[in-house]
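Naming convention: chains lettered A, B, ... in sequence-line order (proteins, then strands); numbering from 1 in each chain. Owing to the predicted nature of the structure, the values given are computational and were not obtained by experimental measurement.
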There are 4 protein chains.
Amino acid sequence: MARPARKKKDIERAALELFADHGIDGTTIRMIAERAGVTEGALYRHHKSKDDLVRALFEEYFESFGGMLEGIRADAAPVEDRIGQMVRAFLAAYDTDPLGFRFVMLVQHGLLDGIRKDALSPAKVLTRFIEEAIDRGEIPKQDASLKAQLLMGMVMQVAVGERYGRLKAPVAGYAEQVSAAAVAALRAV
Amino acid sequence: MARPARKKKDIERAALELFADHGIDGTTIRMIAERAGVTEGALYRHHKSKDDLVRALFEEYFESFGGMLEGIRADAAPVEDRIGQMVRAFLAAYDTDPLGFRFVMLVQHGLLDGIRKDALSPAKVLTRFIEEAIDRGEIPKQDASLKAQLLMGMVMQVAVGERYGRLKAPVAGYAEQVSAAAVAALRAV
Amino acid sequence: MARPARKKKDIERAALELFADHGIDGTTIRMIAERAGVTEGALYRHHKSKDDLVRALFEEYFESFGGMLEGIRADAAPVEDRIGQMVRAFLAAYDTDPLGFRFVMLVQHGLLDGIRKDALSPAKVLTRFIEEAIDRGEIPKQDASLKAQLLMGMVMQVAVGERYGRLKAPVAGYAEQVSAAAVAALRAV
Amino acid sequence: MARPARKKKDIERAALELFADHGIDGTTIRMIAERAGVTEGALYRHHKSKDDLVRALFEEYFESFGGMLEGIRADAAPVEDRIGQMVRAFLAAYDTDPLGFRFVMLVQHGLLDGIRKDALSPAKVLTRFIEEAIDRGEIPKQDASLKAQLLMGMVMQVAVGERYGRLKAPVAGYAEQVSAAAVAALRAV
DNA sequence: AATGAATGAGATTTCATTCAT
DNA sequence: AATGAATGAAATCTCATTCAT
């Protein structure tokens, strides 16, 4: 092996942070390179283009969120518990890596087109989770898609609220209240 | 003064649609001019710069949403009713002008800096609304900010769900269910 | 109309000259802009890309050569005369605009792929011309394609010879000798 | 010294092919390395720079063509025979290694600057050959340079014609006709 | 008011070459 | 000898803005 690719991770991390903060179009290759401590050309050894870099990052994080939820969905515990688990997992993910989280969440608006159809998307996992709970009679038999969106919306907005200074980090502190609200909301529909 | 700047509206409408679809950085002056049926130079007759155009649009739409909510907040009806009104108003606004709605909602991530501090933001109105309901003992005395975010999150995500084909327009059709879920959620926390 | 596109011709002329001298890959946008007395961006108002500029120039010149030959081919004069006319026309074209001529001739190696199938190529016109002369019994009935190539080769190489200092401009001075050689060659095959 | 730089040949062959197809500026080090099955760095073990590689290839092929012709020129046979020999030699060379042939022929446009002045160039050999034939009274006493160019042009264009699908390989099949045409042409001037 | 050519600054990308491994 | 990551310079292209018409 030649010089090991020590900077690849640095580049991707720098890109992630900048994308989360300034958006994709608002982030230049130069900004990424500077923050990663490399020259602009270095980026192109690892990714064919800026677009390619974005896609790679997105898929990596997107699927990791989906996978996290899928693990909980497949569990045997009662719905209430699993809703609580999901909420906690989401919020903990945000506390651990707010930039990664925000990158995926903010950036998805306008990127889902290029994503593989079979990707394990959070929305897909959540919808399936709700459907199964309905089948088992654990929550009222009503529009599963809507419920999935409501659940998603509540958790996501906590992250957004933190970002704009309306809620306080660590957001894991809101987990119990959000879980309770979510369970109540899903039962009420 | 026979032709009272009809082009100005065309330009702003074109800009709004493109911003909602491609983001601000992803929209070029040329794109706007093309869609509006004018040339690039014409745009500068009506707005000093691209930034200026963005700000104008944002304030107009942002305040109009805030104002709408404020009207409902100031009303005398019981909370449940007013929550229902707000939900209906939000969803109807989305059905009426999805692009305008999305422009404000999506674009706010990263634009609030330039906005006047006293702007009537939806989040601010919602928080005040919740605080008052708590004061009157209509909902449990608990973190008003969190509740405002939860309410916001539920409604917003319905719009996002429609946009990505997971829910069906017109979203006003979901108003009753969302209202019920919201009331339950706010009571549960 | 706004500012008239005074520089378009300058840009194309500059490009043509530079391409002929340095090849396409050897010519940069900056070189073209500099010689044309504009900034680099100006080029992109008139042509979508460097490739596009090349193609436009090529088609324009390529077809004009083809058209010139076609006019002679369609004439009623005896072959010898028309061969002479073609040779003179070719060589005069070189003397008039050596760069345009060389651009087409040198550059065609590797560009014909992108050219419209119905383009009036010199080779096509020449082949048809030879075929008709064979049909009329003016030259021996033998491979018309080969003859077209031989004719082409003799004339072209005169231009190449001038370019590398082995023949003297104006090359029109060689017209009679080349014509005589060409007639003899075509009769001999 | 078991492995005597087999890679060097691979690299040069790959370079030759790519240069012939895409031109020198159109060929990147990476392309060469890839086709040769080595990495970019390896190339610099064998050649100091891209320019160096080009020069090496060009001189090797250029001189070998020149040498081939020189052998025929120095022969004692009558002109007609030797013209026939040259034509056959040229065409056979093309059939044997079209890429090498094209590399030299196409690439020479714009590369002759760096070539040693005493190089045995095909054009030089041909001109001397014609001059001697004139001296001996074998062909009319007229511009030897022009005749050399005409001869060259006829043969070269056969190669070009094959390359663009207007003539059929192996081009050696055209040798007799081309020779006859060449002799006739040279006598006619 | 409007046009759209042209500018100028900066963005993305390419690529010959170097160098740590 | 060989690798391929990284550099640095330069190439292509983009785009908000200005300005002659």
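- The pair R102(B)-D97(B) does not meet the salt-bridge criterion, since no charged nitrogen lies less than 4.0 angstrom from a carboxylate oxygen.
- E63(D) and R55(D) are not joined by a salt bridge, as no carboxylate oxygen comes within less than 4.0 angstrom of a charged side-chain nitrogen.
- In this structure, T27(B) contributes its side chain and L18(B) its backbone to a donor-acceptor pair below 3.5 Å.
- Rounded to whole Å, the distance from CG on D10(B) to C1' on dA1(E) is 15 Å.
- The CD1-P distance, from I11(C) to dC13(F), rounds to 14 Å in whole Å.
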Starting at the 5' end of DNA chain F, write a dot or bracket for each base, bracketing those in Watson-Crick or G-U wobble pairs whose two distances are under 3.5 Å and using | for partners on another strand.
-> .||||||||||||||||||||
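- With DNA chain F read from its 5' end, the first of the two nearest nucleotides for D25(C) and K7(A) is the one closest to K7(A).
- Under the salt bridge (charged side-chain N to carboxylate O under 4.0 Å, His left out) criterion, the residue pairs touching residues 24-38 of chain D are E17(D)-R35(D), with sequence neighbours excluded.
- One finds no side-chain N or O of H46(D) lying less than 4.0 angstrom from the OP1 or OP2 phosphate oxygen of dA1(F).
- Nucleotides of DNA chain E nearest to G41(C) and E40(A) differ in position, and the one nearer the 5' end is that of G41(C).
- Nucleotide dA11(E) holds its P atom 16 Å from the CZ atom of R30(C), rounded to whole Å.
- For V38(B), counting side-chain heavy atoms from C-beta on, the closest listed nucleotide (dT17(F), dA11(F), dT3(E)) is dT3(E).
- Of the candidates dT14(F), dT17(F), dA16(E), dT14(F) carries the atom nearest the Y44(C) side chain, counting heavy atoms from C-beta on.
- The distance between atom NZ of K48(B) and atom P of dT18(F), rounded to the nearest whole Å, is 11 Å.
- Legend: residues meeting side chain to side chain donor-acceptor pair (under 3.5 Å) with D51(C), ordered by chain and number and at least two apart, are absent.
- Between K50(A) and dT12(E) there is a side-chain N or O to OP1 or OP2 distance below 4.0 Å.
- The main-chain N or O of L43(D) is never found under 3.5 Å from a side-chain atom of K8(D) such that the two would form a donor-acceptor pair.
- Candidate nucleotides dA11(E), dT12(F), dA16(E) were compared by shortest atom distance to the side chain of T28(D), and dA16(E) ranks first.
- A straight line from NZ of K9(C) to C1' of dA6(E) spans 18 Å, rounded to a whole angstrom.
- Taking the side chain of I29(D) as heavy atoms from C-beta on, and the options dT12(E), dT21(E), dT17(E), the nearest nucleotide is dT17(E).
- An OP1 or OP2 oxygen of dA5(F) is reached within less than 4.0 angstrom by a side-chain nitrogen or oxygen of R45(A).
- Taking atom CG on L43(B) and atom C1' on dA2(E), their separation rounds to 12 Å, with Å as the unit.
- A distance-only check finds a donor-acceptor pair linking the side chain of K50(D) to the backbone of I24(D) [under 3.5 Å].
- Nucleotide dG8(F) holds its C1' atom 15 Å from the CD atom of E34(A), rounded to whole Å.
- Sequence order on DNA chain F of the closest nucleotides to A42(D) and T27(B) puts A42(D) first from the 5' end.
- Whole-Å rounding puts the H47(C) NE2 to dA6(E) P distance at 11 Å.
- With both ends at atom P, the span from dA1(E) to dT21(F) equals 23 Å, rounded to whole Å.
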Could you walk me through whether V54(C) and H47(C) pass side chain to side chain contact (heavy atoms under 4.5 Å, CB included), step by step?
-> CA-CA 9 Å; V54(C) 170; H47(C) 298 279; over 6 Å; no
